[in-house]
Amino acid sequence: MRSVAVLVCLSVLFLVGCASTGTGTQSTTRETFNQTPIDGYIPCAAIQRRTQPITCLVLHHTATALPSAMQTLQGKTSSHRVGIHYLVSDEPKPRVFRMAHECFATSHAGKSQWKDYNGLNQYSVGIEIVNLDGNVHAYPPAQIAAIIRLCQDIIRRNNINPVNVVAHSDIAVGRKVDPGSLFPWAQLAAAGVGAWPDASEVSRCTQLYQRGLPTTAQIKLMLKTYGYGFDDNSDANLKLAIEAFQRHFRGRKADGVIDVETIAILAALNSKYNGVNPPTPNLATSPAVKK
Ligand SMILES: [Zn+2]
């Protein structure tokens, strides 16, 4: 059955590729793939047979301008074979390019982990967003609008859990920093794309942890419960995981330093999405005791 499915995918890929006349950088034609307006089809060679169901959506920034990103993401460079399902440009009227059918896995995540998923290529759909560095350059509103439309469609069709809409930096802790601290995750969540904590729960947890933070062991468990994969034998790795978390949920200060606000956000997320009660404060770490 699997080989039949792959054959069907190949056929679809071929047919759509043929149907999208004039695709590529000069394309102005629009096709609609499910509910997603697609502006062009550029085939990516770095695809593999998908062996796992789609459970995650991974967002990236390209770190290069559009022409270079388009070239690289076609996956033809033997020393750096990367790929992606979708590429969103940074033009005044952003274009969405489809590069691989979702029924294939593509090489965009590298060594990665989220929850029990190891190697996210097989579990995910990937979107590359043109931005030289999302930790430095803001994402234009028109580009964000295009990303939201695309994500909404992918999430709806694949029934992706909000917690599993992740940054590359979430799933490759200490190795990747994209799409960066300026990526507007709160805005996406307000449009039904990805997770975000409830303000009232963050406020409640802030009050709780002003009395004292949870223990380091509890904080590691909180991060892992939410999804972060890291070797918890070292404090340096914990700092990197905290930094990745902050980059997603508190981008204005992603320094890897554990503080009340960060832990309150993490607790509120686990409470909302995992049904886990916030751990009790460790009074030995309270600011009053520390000083
Ligand atoms: Zn990336």
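Counting convention: from 1, in listed order, for ligands and their atoms alike. Treat the numbers as computed from the prediction; the structure is a model and nothing was measured.
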Are any side-chain N or O atoms of Q113 and backbone N or O atoms of K115, one a donor and one an acceptor, separated by less than 3.5 Å?
yes
For [X] and [Y], which I'm curious about, is there any donor-acceptor pair between the side chains at under 3.5 Å?
X	Y	answer
E128	T62	no
K111	N118	no
Q48	N121	no

Could you check whether the rings of F249 and W196 sit parallel, tilted or perpendicular, using 30° and 60° as the cut-offs?
tilted
Return the set of residues passing side-chain hydrogen bond (donor to acceptor under 3.5 Å, both in side chains) with N270 (not counting sequence neighbours), or none when no residue passes.
N274
What count do you get for protein N, O or S atoms closer to the Zn ion (ligand 1) than 2.8 Å?
3
